[in-house]
Colleague: 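Input: one structure, supplied below.
In the text below, chain A, chain B and the rest are named by the order of the sequence lines, each starting its count at 1.
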2 protein chains.
Amino acid sequence: MASVVADFRPETHQRLLEAACEAFREEGYQVSIDRIAARAKVARQTVYNHFPSKEALFAEVVQQSIASLLVVLDGDGDVRTTLMAFGDLYRNKLLCPEGIAIFRTMTAEAPRFPKLAQQFFRQGPAQTRKRLAQYLKRAMQEGRLREADPDFAAEMLTAMLVDLDRLRGLLNLETELKRPGKTEQVVDAFLRAFAPE
Amino acid sequence: MASVVADFRPETHQRLLEAACEAFREEGYQVSIDRIAARAKVARQTVYNHFPSKEALFAEVVQQSIASLLVVLDGDGDVRTTLMAFGDLYRNKLLCPEGIAIFRTMTAEAPRFPKLAQQFFRQGPAQTRKRLAQYLKRAMQEGRLREADPDFAAEMLTAMLVDLDRLRGLLNLETELKRPGKTEQVVDAFLRAFAPE
DNA sequence: AAGAGACTAGACTGTCCAGTCTAATTTCGG
DNA sequence: CCGAAATTAGACTGGACAGTCTAGTCTCTT
């Protein structure tokens, strides 16, 4: 019952998925199947050969998109260097046009697809925060940060990194989304709050 | 040309506006005029007597909603007390179901109504942050906080207060939206980062 | 080269919706 | 109480869209 294993032409399937991904991102779930088909240079019936319904296509696209929003950090170097690298990566992934658009589509459609939204949260943002918290916990145990709730600390850092700039992006205010010094400013503020006593 | 001053029955107009506000909040811009009319217990034609188009009705509703998201702080007492009061109010206004729903609708429709989105940002979130920054600036000048960019500090505090919980609300994860200790935890972390040296 | 099955083009159905129009009914000020 | 204007119910237009169906074309595999 899982995935129908019909042997579609892989290149067609790929083109369709990519077109659907872009279309849902840029125009939301309400984009028409015709527009997706046109973007993929594919007949409408082909869409329905590959997916039983628009909902199913959307679900597949969301699955694929989750991975692109995962931000992992690697714990080389000192804490400040590690968090700076994480912060830059986090901001780049979430504040680029694609990151903003995925956020917009997911939050707009969450009431219609609550299961999908939950899965998105758990495998995306929650996962990112969990790994960051693991790193922070170790740093706390080694005395490189003060003892505190690592989940809370991770929540604070990620919030500080993107909250307002994401709102700007969501509301289409293109201004200063990429001020390079921002990550440093945030990490320094975070380190003041969580420095060893 | 501005607003047509026809003397509609005020009670009808009010009922219509409230119904439209709830409808747009709960179902997004795509809610049908018929549903809004039904909710207001009003004929569809009456909607078009009061507003020239769906867009115009939406614009009016957004105008009215902006005020409900403004959070002002009053600067009595010490810094911690003031920020705690602000934090509780800010969280309550933005994380309640209505606050979440307005955020969802605004960000979802920003591509279609960029002017409206810009106005919303300036008169809502930007205004709130600006007033907070003014307070923080004074506190810095009085030596009750360390000298720093007050706009940046305001951005950090507001981000820390709601970022993750707002995402939870947007994605329909009802869990723990109202942990009472959260504001205190955030304000304390903020004060560590911006305490006098 | 032949056949199976993927792909295509386009017609078609049923539904929903924004906005208009009309003809009746209600309400309210004078 | 009367008349102007607001309100109402419902029909109607035109367009969009999800999903189905069909008949024909293309493309791999054997």
Side-chain angles (χ1 to χ4, degrees), chain A residues 1-62 105 108-109 111-113 115-116, chain B residues 1-62 105 108-109 111-113 115-116:
Chain A
M1 195 232 159
S3 54
V4 185
V5 233
D7 55 337
F8 300 115
R9 301 218 243 279
E11 194 254 347
T12 302
H13 195 74
Q14 193 56 31
R15 235 170 45 223
L16 175 52
L17 268 180
E18 273 163 24
C21 186
E22 290 169 25
F24 282 134
R25 246 186 1 226
E26 293 171 17
E27 307 185 44
Y29 183 72
Q30 67 267 23
V31 73
S32 75
I33 292 285
D34 282 280
R35 287 178 68 82
I36 294 173
R39 210 189 258 256
K41 296 193 204 311
V42 136
R44 176 178 46 256
Q45 184 56 54
T46 300
V47 180
Y48 286 102
N49 288 343
H50 289 242
F51 298 92
S53 67
K54 192 183 182 182
E55 286 196 18
L57 173 57
F58 183 67
E60 182 63 28
V61 163
V62 169
T105 298
E109 300 306 329
R112 202 195 310 228
F113 303 109
K115 288 277 182 53
L116 220 48
Chain B
M1 196 231 157
S3 53
V4 185
V5 233
D7 57 336
F8 301 117
R9 303 220 242 279
E11 194 256 345
T12 303
H13 194 73
Q14 193 55 30
R15 236 171 44 226
L16 175 52
L17 268 180
E18 272 162 25
C21 187
E22 289 168 27
F24 282 134
R25 246 186 0 224
E26 292 170 20
E27 306 185 45
Y29 183 72
Q30 67 268 19
V31 73
S32 73
I33 291 285
D34 282 278
R35 288 179 68 82
I36 294 173
R39 210 190 257 256
K41 297 193 202 313
V42 136
R44 177 176 47 257
Q45 184 56 53
T46 300
V47 180
Y48 286 103
N49 288 344
H50 289 242
F51 298 93
S53 67
K54 192 183 183 183
E55 285 196 19
L57 174 57
F58 183 66
E60 182 62 29
V61 164
V62 169
T105 298
E109 299 306 329
R112 204 197 306 232
F113 303 109
K115 287 276 182 53
L116 220 48

Colleague: Locate the shortest heavy-atom distance separating B:V47 from B:A37; write the atom from each residue and the value.
Modeller: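 Closest pair (atom of B:V47, atom of B:A37, distance): CG2-CB, 4.0 Å.
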Colleague: Name the pairs: protein N/O against N/O of nucleotides 24-30 of chain C, kept only if under 3.5 Å.
Modeller:
residue	atom	partner	partner atom	Å
C:dT27	O4'	B:R9	NH2	3.3

Colleague: Whether A:K54 engages the ring of A:F24 as a cation-pi pair (distance to the six-membered ring centre under 6.0 angstrom, angle to the ring normal within 45°) should be assessed.
Modeller: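 No - A:K54 does not lie over the ring of A:F24 by the 6.0 Å and 45° rule.
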Colleague: Start with the C-alpha gap between A:T12 and A:H50, add the side-chain angles, then the distance that decides, and say whether side-chain contact (heavy atoms from CB on, under 4.5 Å) holds.
Modeller: CA-CA 10 Å; A:T12 302; A:H50 289 242; 4.1 Å; yes
Colleague: Among the candidates C:dA18, D:dA6, D:dT8, find the nucleotide nearest to the side-chain atoms of B:F8.
Modeller: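 Within the option list, the nearest is D:dA6.
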Colleague: Assess whether side-chain contact (heavy atoms from CB on, under 4.5 Å) is satisfied between B:F58 and B:V31, documenting all intermediate values.
Modeller: CA-CA 11 Å; B:F58 183 66; B:V31 73; over 6 Å; no
Colleague: Whole-Å distance between D:dA16 C1' and A:R35 CZ?
Modeller: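 The answer, rounded to whole Å, is 12 Å.
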Colleague: Checking all strands, does A:V47 fall into the base, sugar-phosphate, or nothing category for heavy-atom contacts under 4.0 angstrom?
Modeller: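 Touches nothing.
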Colleague: Rounded to the nearest 0.5 Å, what's the gap from CD on B:Q30 to CD on B:E109? Could you check?
Modeller: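 These two atoms lie 6.5 Å from each other.
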Colleague: Is any side-chain nitrogen or oxygen of A:S32 closer than 4.0 Å to OP1 or OP2 of D:dA16?
Modeller: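 The answer is no; no side-chain N or O of A:S32 sits under 4.0 Å from OP1 or OP2.
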Colleague: Rounded to whole Å, how long is the line connecting atom CG of A:L16 with atom C1' of C:dT8?
Modeller: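 In whole Å, C:dT8 C1' and A:L16 CG are 14 Å from each other.
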Colleague: Are any of the side-chain heavy atoms of A:L16 and A:I36 separated by less than 4.5 Å?
Modeller: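 Yes. Closest side-chain heavy atoms under 4.5 Å.
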Colleague: Over how many whole Å does the gap from A:F51 atom CZ to C:dC7 atom C1' extend?
Modeller: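 It works out to 15 Å between those atoms.
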Colleague: Could you state the atom-to-atom distance from CG of B:D34 to P of D:dT8 in whole Å?
Modeller: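 The distance from CG of B:D34 to P of D:dT8 comes to 14 Å, rounded to the nearest Å.
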Colleague: Check the angle between the aromatic planes of B:Y29 and B:F113 and answer parallel, tilted or perpendicular using the 30° and 60° thresholds.
Modeller: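 Taking B:F113 first and then B:Y29, their aromatic rings stand perpendicular (interplane angle over 60°).
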Colleague: Restricting to nitrogen or oxygen on both sides, can you table the protein-nucleotides 20-23 of chain C pairs closer than 3.5 Å?
Modeller:
residue	atom	partner	partner atom	Å
C:dC21	N4	B:Q45	OE1	2.4

Colleague: With sequence neighbours excluded, what pairs up with A:A19 under the side-chain contact (heavy atoms from CB on, under 4.5 Å) test?
Modeller: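 A:A19: side-chain contact (heavy atoms from CB on, under 4.5 Å) contacts with A:R39, A:A40.
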Colleague: Does OP1 or OP2 of D:dA18 have a side-chain N or O of A:S53 closer than 4.0 Å?
Modeller: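 No, A:S53 has no side-chain N/O under 4.0 Å of OP1/OP2 on D:dA18.
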Colleague: Please report, rounded to the nearest Å, how far the C1' atom of D:dT27 is from the NE2 atom of A:H13.
Modeller: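 Taking NE2 of A:H13 and C1' of D:dT27, I get 19 Å after rounding.
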Colleague: Could you tell me how far apart A:N49 (CG) and D:dG19 (C1') are, to the nearest whole angstrom?
Modeller: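 My rounded result for the distance is 12 Å.
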Colleague: In this structure, how many angstroms lie between the P atom of C:dC16 and the CD atom of B:E27, rounded?
Modeller: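 It is 14 Å, rounded to the nearest whole Å.
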Colleague: Do the side-chain N or O atoms of B:H50 get closer than 4.0 angstrom to the phosphate oxygens (OP1, OP2) of D:dT7?
Modeller: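 Checking B:H50 against D:dT7: at least one side-chain N or O falls below 4.0 Å of OP1 or OP2.
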Colleague: Side chains of B:F8 and B:Q14: closer than 4.5 Å at any heavy-atom pair?
Modeller: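 When only atoms from C-beta onward are counted, B:Q14 and B:F8 do not touch, as no gap falls below 4.5 Å.
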Colleague: Using whole Å, report how far CD of B:Q30 lies from P of C:dA18.
Modeller: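 One finds 10 Å between P of C:dA18 and CD of B:Q30, rounded.
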Colleague: Looking only at side-chain N and O atoms, does A:T12 come under 4.0 Å of OP1 or OP2 in C:dC7?
Modeller: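 So the side-chain polar atoms of A:T12 do come within 4.0 Å of the phosphate oxygens OP1 or OP2 of C:dC7, strictly under.
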